[in-house]
Amino acid sequence: MEEPYLIKTFPAEGIHSLLAETLAGNITVSGSDTTDIKVEVYVHSLGWVWGTTPRQKIEERLRQYDLIIEKQEDKIVALHRRKPETWNWNSWMKFMGVSYKIYVPQNISTTLQTSGGKISLENLIGKQRFSSEGGNLKMANIKGEIHGRTSGGNIAISGCSEKIDLQTYGGNIVADSSEGLINLRTSGGNLRFFNLGGEIEAHTSGGNIQADKINGTLKVSTSGGLSELLT
């Protein structure tokens with residue numbers, strides 16, 4: 001089992017939001033009745049590096065980046081950014097990706113961004129905004145405003161409610177056991193949704209649509225696929 005490179009813990013009292021950004025890494029946020037916020041940082045190497053990288057080598061390569069894990073007023077911040085002055089033509093050979101596993105109270109809002117990894121959220125209440133340039137998005141048991149984008153990954157949601165706005169530019173979308181004002185869009189993938197309630201609008205530019213057990217209004221469109229609606 002992979003061990004975290006770094007763990008930081010903060011008292012949850014007075015914290016209302018989370019900001020997490022990373023390069024080529026995954027972000028997982030899990031809510032519970034905890035009184036602390038724990039951020040686990042996982043570091044992985046790309047380029048010509050294989051196997052486990054010694055800690056000394058990791059720390060040397062991380063000097064190319066800003067890695068910030070801290071409290072800022074009522075917010076927890078986790079940032080992994082490249083330092084422009086340290087980047088040159090062979091820096092990709094020393095590239096270090098960073099992933100986060102973050103454990104928070106349920107009542108928290110998030111802003112999450114990764115340039116190539118997947119994003120997973122579960123058991124949260126509040127406003128959730130997130131984007132990935134190529135990874136999958138997964139949400140389970142989220143209540144509140146959900147706004148997510150991925151450039152090429154798949155999207156899966158289950159047990160979510162209130163306002164849901166999700167888009168992928170090349171992947172499939174599966175939605176199950178969710179309700180509210182739901183807007184789902186994909187440029188080239190399939191749409192499958194079951195046990196949804198509320199006002200649902202969905203569009204795919206080239207894929208198929210399959211819907212079953214819908215309780216509410218349903219508006220769907222596809223530019224080039226088939227629709228199977230069993231409501």
Side-chain angles (χ1 to χ4, degrees), residues 16-18 20 26-34 100-114 117-132 134-222 225-231:
H16 301 120
S17 63
L18 166 70
N26 303 323
I27 303 175
T28 300
V29 182
S30 301
S32 70
D33 59 357
T34 181
Y100 307 119
K101 292 182 180 179
I102 306 174
Y103 303 90
V104 298
Q106 283 187 307
N107 288 280
I108 197 166
S109 297
T110 66
T111 302
L112 314 173
Q113 182 177 348
T114 173
K118 62 185 178 181
I119 296 176
S120 301
L121 302 94
E122 61 179 0
N123 303 325
L124 299 175
I125 300 171
K127 180 184 289 187
Q128 321 301 332
R129 300 182 66 87
F130 45 92
S131 64
S132 172
N136 298 331
L137 308 178
K138 183 178 180 181
M139 292 128 280
N141 303 319
I142 309 295
K143 181 178 181 180
E145 184 177 336
I146 303 169
H147 182 88
R149 298 288 185 271
T150 176
S151 298
N154 299 319
I155 298 176
I157 66 170
S158 177
C160 297
S161 61
E162 292 197 5
K163 187 175 181 181
I164 302 166
D165 181 17
L166 299 168
Q167 182 175 3
T168 172
Y169 294 97
N172 303 319
I173 301 178
V174 178
D176 182 32
S177 302
S178 299
E179 63 181 5
L181 183 62
I182 302 174
N183 188 357
L184 307 173
R185 299 184 303 283
T186 174
S187 298
N190 299 321
L191 295 169
R192 297 175 61 231
F193 33 91
F194 313 92
N195 302 306
L196 299 186
E199 298 181 28
I200 303 112
E201 184 171 349
H203 174 76
T204 173
S205 298
N208 301 323
I209 300 174
Q210 182 181 10
D212 192 11
K213 298 181 180 177
I214 306 299
N215 182 20
T217 61
L218 175 64
K219 181 180 179 180
V220 298
S221 61
T222 175
L226 303 174
S227 296
E228 181 182 3
L229 308 178
L230 305 174
T231 59

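Within the 4.5 Å cutoff, side-chain heavy atoms of Ser32 are placed close to those of Thr34. For the pair Glu199 and Lys219, the minimum side-chain heavy-atom distance is 4.5 Å or more. Within the 4.5 Å cutoff, no side-chain heavy atoms of Thr111 are placed close to those of Ser17. Side-chain contact between Leu112 and Leu18 is present, with heavy atoms from C-beta onward closer than 4.5 Å. For the pair Thr150 and Phe130, the minimum side-chain heavy-atom distance is 4.5 Å or more. Within the 4.5 Å cutoff, no side-chain heavy atoms of Ile164 are placed close to those of Met139.
Using a distance-only test at 3.5 Å, with no hydrogens or angles considered, no donor-acceptor pair links the side chain of Glu162 to the main chain of Gly180. Counting only distance, with no hydrogens or angles, the side chain of His203 and the backbone of Ser221 share a donor-acceptor pair below 3.5 Å. At least one donor-acceptor pair under 3.5 Å links the side chain of Asn26 to the backbone N or O of Lys118. A donor-acceptor pair is defined here as one N or O able to donate and one able to accept, closer than 3.5 Å; no such pair exists between the side chain of Thr186 and the backbone of Asn172. Between the side chain of Asn136 and the main chain of Asn154, a donor-acceptor pair closer than 3.5 Å is present. Remark: the backbone N or O of Lys127 is paired with a side-chain donor or acceptor of Ser109 at under 3.5 angstrom. For Asn190 (side chain) and Asn208 (main-chain N/O), a donor-acceptor pair under 3.5 Å exists by modelled atom type. Remark: the backbone N or O of Gly153 is paired with a side-chain donor or acceptor of Thr168 at under 3.5 angstrom. Remark: the backbone N or O of Thr222 is not paired with any side-chain donor or acceptor of Thr204 at under 3.5 angstrom.
The CD1 atom of Ile27 lies 10.5 Å from the CG atom of Leu137; values are rounded to the nearest 0.5 Å. Distance check: Asn195 CG to Asp176 CG gives 5.0 Å after rounding to the nearest 0.5 Å. Interatomic distance, Ile214 CD1 to Leu196 CG, rounded to the nearest 0.5 Å: 4.5 Å. Rounding to the nearest 0.5 Å places CD of Gln128 at 14.0 Å from NZ of Lys163. Of the inter-residue distances, the one linking Ile142 atom CD1 with Ser178 atom OG reads 10.0 Å to the nearest 0.5 angstrom. To the nearest 0.5 Å, the span separating CD on Gln167 from OG on Ser131 amounts to 12.0 Å.
Using a 4.0 Å cut-off between charged side-chain N and carboxylate O, Arg185 and Asp165 make a salt bridge.
Contact detail for Cys160 and Ile146: the closest heavy-atom pair is CB-CD1, 3.9 Å. Nearest heavy-atom pair, Ser187 versus Tyr169, reported as atom, atom and distance to 0.1 Å: CB-O, 3.3 Å.
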**Full working for side-chain contact (heavy atoms from CB on, under 4.5 Å) between Leu121 and Thr110** = CA-CA 10 Å; Leu121 302 94; Thr110 66; 3.7 Å; yes
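Taking the side-chain hydrogen bond (donor to acceptor under 3.5 Å, both in side chains) definition, one finds that Glu122 meets it with Ser30, sequence neighbours left out.
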